Amino acid sequence: MENGGLSVVAVRKMKLTPKAIIVQKFGRNAQFTVDEVQDVVQNGCPGLAIPQKGPCLYRCSLQLPEFSVVSETFKKKKDAEQSAAEKALEKLGIDPSPNVPSAEEAWDKLIASVKHLFSNEFLSSQSPLRGHFIAALRRDGDLYGSVPASVIAVCDSKLANLCKLINPKVESSHLLVLTYIMRAATRLSEFVVTSEGQLSIWRKDPYPPEIKESSIIQQSESPDSICIEAIHIPSSLEMAVHPVTLNVSSTGYYLDVIARNLDQTDGNKILVSRTIGKASSEMRLYFAAPKSYLLDLSSDLPNVEEVVDFEGSLNPRASYLYGQDIYGDAILASIGYTRKSEGLFHEDITLQSYYRMLIHLTPSGVYKLSREAILTAELPMAFTTRTNWRGSFPREMLFMFCRQHWLSEPVFSTCSNSLKESSESSRFYEKSAALESAETGKECTSGGGTAASDNVRCEVKIFSKSRDPILECSPKEFYKKQNESIENASLKVLSWLNAYFKDPDIPLEKLNNLVGALDIQCYPQNFFKKFSSYRFIHNVQQRKMGEKLLQANSINTLNAIPEHGIYCLSIGGPDSGIYPSNGCLSFISYSVSLVIEGETMKELLESREEFEFEMGTGAVIPQVEVVTAQMSVGQSACFCKELPPQELILAAADDSARTFSLLSSRACCLEYHITLLRVTEPPEDRMEQALFSPPLSKQRVEYALQHIKESCATTLVDFGCGSGSLLDSLLDYPTALEKIVGVDISQKSLSRAAKIIHSKLSKKLDAAVPCTDVKSAVLFDGSITVFDSRLHGFDIGTCLEVIEHMEEDEASQFGNIVLSSFCPRILIVSTPNYEYNAILQKSSSTIQEDDPDEKTQLQSCKFRNHDHKFEWTRDQFNCWATELAARHNYSVEFSGVGGSGDREPGFASQIAVFRSRSPPEEDDLLKDGDSAHHYKVIWEWDGNGLSRSSL
Ligand code: SAH
Ligand code: MG
């Protein structure tokens, strides 16, 4: 990109259409909407109520962040779009003329533009710089009429764009613009003056008296002095970032005020950053120009880059915030002259907003802020469905991340299944097409992909501004919709970046292990060149551990879950029996306070009346998720946890300065209060309940019950019993069952099952006529792919809707072990029938009252539940079961519940019933000696009302 880059840039720019310029500038923030317009035709029939069709015309409306425009009508959609873009460019003051100058022409233009700034006419222009020129005329003494070159460099984007054409490096090194402006001024020695050691320019001949006295200059004076809150960012990390007040008098120039706050005599010695934060903001960083920089402007143009290597000490926090190097102390202020406002525009910047900007630079920070839940929300680990996602979408966040860190826009390339299976070269074509289209800001649309099947895969690449590769992500997963594949890939990149930002000292290999299957390839050299400075900032945000405080208050470990960092946990309120499970949305109200050692008063930091999140995706901090999972609807919980990084607390705190002093002087911890307001059912249950009566789960239980009765079974084991829905229901019916056992790997589910079964059995014990003969009930914690001899030789085994929660090879393993080692006389296995999903999903979209976009999203959900690892068609299930039965001397019959076995596409839930062909005694003898106890008893009922629990 040294010299050759110049012509490339110029050539490419020459071809841009107005629309391409808009798209390049605004990306996804530019929305083109084309509408059909019907010309009303006069057909000589007044009063006719039926509209007569004229030729079809198109009109385009273009929505930009600041304003919108509407085109005239055109016969072609394309023309309407270009016309709207043209109008927008006009409004933005961007010259769409295709003759973008060469480097030399740009240089001449720059000189002419600088000259124009010092003309009489300029004082009545619309430029934001005009305010500075007028303010310069109010400066005292030697400073009278002198305009700091640094504001010229940053307040007029046209000048910066010309500099970019002269040297593309300007893009990543803001100070170069200033150098070019100064250089242009020295070429204009007939009109303007600059002097050694001064970063300012002034007119050689004074403005004529009529201008000096004209209303333009007099009017703009604001009558009173103003106080503006700004932030001082010391270059030394030892010193805290603190608020400062800028007192700008009515006759003074604000840059001089900022300069004095930075121990400089006047604003001519100050450098100014481009705006940071929102596009429309006037928020900038101000910092002193190093002395060597002031003196050395004489070197020739080719060496201009060297000028920026100066001696001052790097300001890590300011540099990080800005994304480019800043030296010495800095002030962050929102003040300046804008195109729109007549006088001086200004806003206060609080410490809180500084910290919010800081965390906004990390992926989880963006997410937290988008949810307005800094201490509670967390970047989710999974994008399950659009319907369940809350807050900014991954793709949107990735774009923002790249913009904020001065990276190129992310490049997405989607490819469809068919293309993947064909030659590698066609995939290559796809990729390069995506790269091309990235230049115009659009993403690549896959050529052959149809929306009908699951065949879109998406790769993302992140490049620096100079196109050095930084990261790429190539997920293996395919999705039905392109959109979904893009969101998922974006989230992977964000998750990887987030892991880095949480611990920037982490070695790369460890980082990759930690974040697991994110399919990321990182280019370490480029990556660390870009991001390693973040280490300094992160390290200085020392946590003040409140561990002692936490432990002192946690009297025993019963009310703490130390492995999750949860202390002093209490859950109160009656158990409603309705628990959130993975995949459902939990609605909570919560508050977070800072608890300070030795004080009874707590500082409220964050609270929400209603906040919803998807369970099981890590959309909130782990402590909130763990605790919520243990609560039933209506219950409240309170717990304490250790402090998160300081910047998060300060971003949440209203009075950051006070909170900061508390944090640095006392031991503190955070206290959370949560109330679980309600939960939505996960989609699977929602669909099943809405479509089947009785609900599918009930039908499965009834199906099992029928076999239990018919077989006169006295012992039953439920493999993967979950929360005990089957075991619980069985207790309501008269059967021959005496002993029931459940196994599951989820402790959470088992503890729920224990509660439910316990209360049912206790009630039965009290009841005059118990309808069940069950004397013994046991719950085991263990995997059903592992044998435990205590469960050998039961009369009946059930395994309802479990195998699809395992990987396919584990399901086969379970099949072999259950029939070869557990050897129940009868085994009932149910699993979803994949072919039935089309019906479920079609109907669910009519049940759902979400907007139409979300309906289609729901349809694109592959399986009924995102925890499912597979869902089989009838053929697949039949194959699996038939083979299995044959191998272990069982017979097998197929059936199901929901829908009908005779009609397509079969039952909603398919069931296989296996029956042992070997006489039971034989087996018993064989297995009795084998006393493998691999399961842990979680809860046990001995028939006399005594129960033992190890939970
Ligand atoms: N049978 C229950 C629960 C079905 S949900 C019902 O019909 O309501 C699936 C259950 O399988 C979950 O509780 C999950 O924890 C359990 N599971 C998944 N893999 C398992 C394994 N390897 N061993 C034991 N249980 C498992
Ligand atoms: Mg299931």
Side-chain angles (χ1 to χ4, degrees), residues 577-584 615-616 629 681-689 692 694-705 707-708 716-731 740-757 778-788 790-791 796-818 821-822 824 827-833 863-872 896-898 907-912 934-939:
I578 306 164
Y579 288 88
S581 58
N582 285 358
C584 72
M615 291 294 288
E681 303 274 316
E684 184 183 17
D685 298 10
R686 196 157 62 201
M687 290 189 280
E688 292 189 357
Q689 282 191 5
F692 300 99
L696 217 50
S697 53
K698 187 124 196 271
Q699 292 190 38
R700 279 191 287 265
V701 170
E702 280 168 4
Y703 185 86
L705 196 69
H707 281 271
I708 292 164
L716 172 138
V717 49
D718 189 16
F719 295 106
C721 61
S723 309
S725 60
L726 173 70
L727 300 175
D728 175 49
S729 316
L730 292 179
L731 298 174
I740 57 170
V741 173
V743 195
D744 205 287
I745 41 165
S746 160
Q747 292 230 0
K748 214 164 70 192
S749 304
L750 286 168
S751 67
R752 258 173 239 163
K755 280 188 205 164
I756 293 168
I757 300 170
V778 191
L779 293 175
F780 286 104
D781 178 4
S783 171
I784 57 173
T785 55
V786 174
F787 176 61
D788 187 296
R790 287 169 288 186
L791 301 188
I796 196 159
T798 48
C799 182
L800 306 182
E801 307 291 293
V802 175
I803 57 169
E804 73 276 5
H805 292 263
M806 311 191 242
E807 297 296 344
E808 286 188 73
D809 57 353
E810 290 178 295
S812 298
Q813 199 183 337
F814 162 66
N816 285 323
I817 287 190
V818 72
S821 305
F822 287 112
L827 174 72
I828 303 175
V829 177
S830 86
T831 193
N833 168 13
F863 295 145
R864 297 185 195 177
N865 178 323
H866 72 263
D867 195 41
H868 288 178
K869 302 293 186 311
F870 63 84
E871 279 177 14
W872 281 337
V897 292
F907 290 111
S909 225
Q910 42 188 349
I911 298 178
H934 292 298
Y935 294 169
K936 185 172 161 215
V937 177
I938 283 294
W939 171 85

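Order of appearance sets the numbers: ligands from 1, and atoms from 1 within every ligand. These numbers were taken from a predicted model, which means no experiment stands behind them. Excluded from the calculations below are hydrogen atoms, water molecules and symmetry mates; all remaining heavy atoms, backbone and side chain alike, are included.
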**Q** Quick one: SG on Cys584 to CD1 on Ile578, what's the gap to the nearest 0.5 Å?
**A** 11.0 Å
**Q** Going by the order shown, which atoms of ligand 1 are within less than 4.0 Å of some heavy atom of Glu801?
**A** 4 (C), 5 (S), 9 (C)
**Q** Could you check whether the rings of Phe780 and Tyr935 sit parallel, tilted or perpendicular, using 30° and 60° as the cut-offs?
**A** tilted
**Q** Evaluate Arg700 for polar contact with ligand 1, using N/O atom pairs at a separation under 3.5 Å.
**A** no
**Q** Is Thr798 reaching over with its side chain to a backbone N or O of Leu800, donor-acceptor style, under 3.5 angstrom?
**A** no
**Q** Ignoring angles and geometry beyond distance, decide whether Ile784 reaches within less than 3.5 Å of ligand 1 through its nitrogen or oxygen atoms.
**A** yes
**Q** Between Leu727, Leu750, Ile745, flag the one that comes closest to atom 18 (C) of ligand 1 by a heavy atom.
**A** Ile745
**Q** Say whether Thr831 and Glu804, considering side chains only, have a donor N or O and an acceptor N or O under 3.5 Å apart.
**A** yes
**Q** Taking both backbone and side-chain atoms of Ser725, is any N or O found less than 3.5 Å from an N or O belonging to ligand 1?
**A** yes
**Q** Which atoms from ligand 1 have a heavy atom of Met806 less than 4.0 Å away?
**A** 19 (N), 22 (N)
**Q** Counting each atom of ligand 1 from 1 as listed, which ones have a heavy atom of Cys721 under 4.0 Å away?
**A** 2 (C)
**Q** For the backbone of Ile938 and the side chain of Asp781, can you confirm whether one donor and one acceptor N or O come within less than 3.5 Å of each other?
**A** no
**Q** I'd like to know whether Val818 forms a side chain to side chain contact (heavy atoms under 4.5 Å, CB included) with Ile784, so could you lay out the CA-CA distance, the side-chain angles of the two residues, the decisive distance to 0.1 Å, and finally the verdict.
**A** CA-CA 8 Å; Val818 72; Ile784 57 173; over 6 Å; no
**Q** Please state which option from Gly720, Ser581, Gly742 has its nearest heavy atom closest to atom 1 (N) of ligand 1.
**A** Gly720
**Q** Taking 4.0 angstrom as the limit and counting only heavy atoms of Gly782, give me the atoms of ligand 1 inside it, by number and element.
**A** 23 (N), 24 (C)
**Q** Would you check whether Cys799 reaches within less than 4.0 Å of ligand 1, judged by its heavy atoms?
**A** no
**Q** Using the side chain to side chain contact (heavy atoms under 4.5 Å, CB included) rule, take Arg790 and Val778 through it: C-alpha gap first, then chi angles, then the decisive distance, then the call.
**A** CA-CA 11 Å; Arg790 287 169 288 186; Val778 191; over 6 Å; no
**Q** At what distance, to the nearest 0.5 angstrom, does CG of Asn816 lie from CD of Gln813?
**A** 8.5 Å
**Q** Should you measure from each heavy atom of His805, which atoms of ligand 1 turn up under 4.0 Å away?
**A** 5 (S), 9 (C)
**Q** Looking only at N/O atoms, are Asp744 and ligand 1 under 3.5 Å apart anywhere?
**A** yes
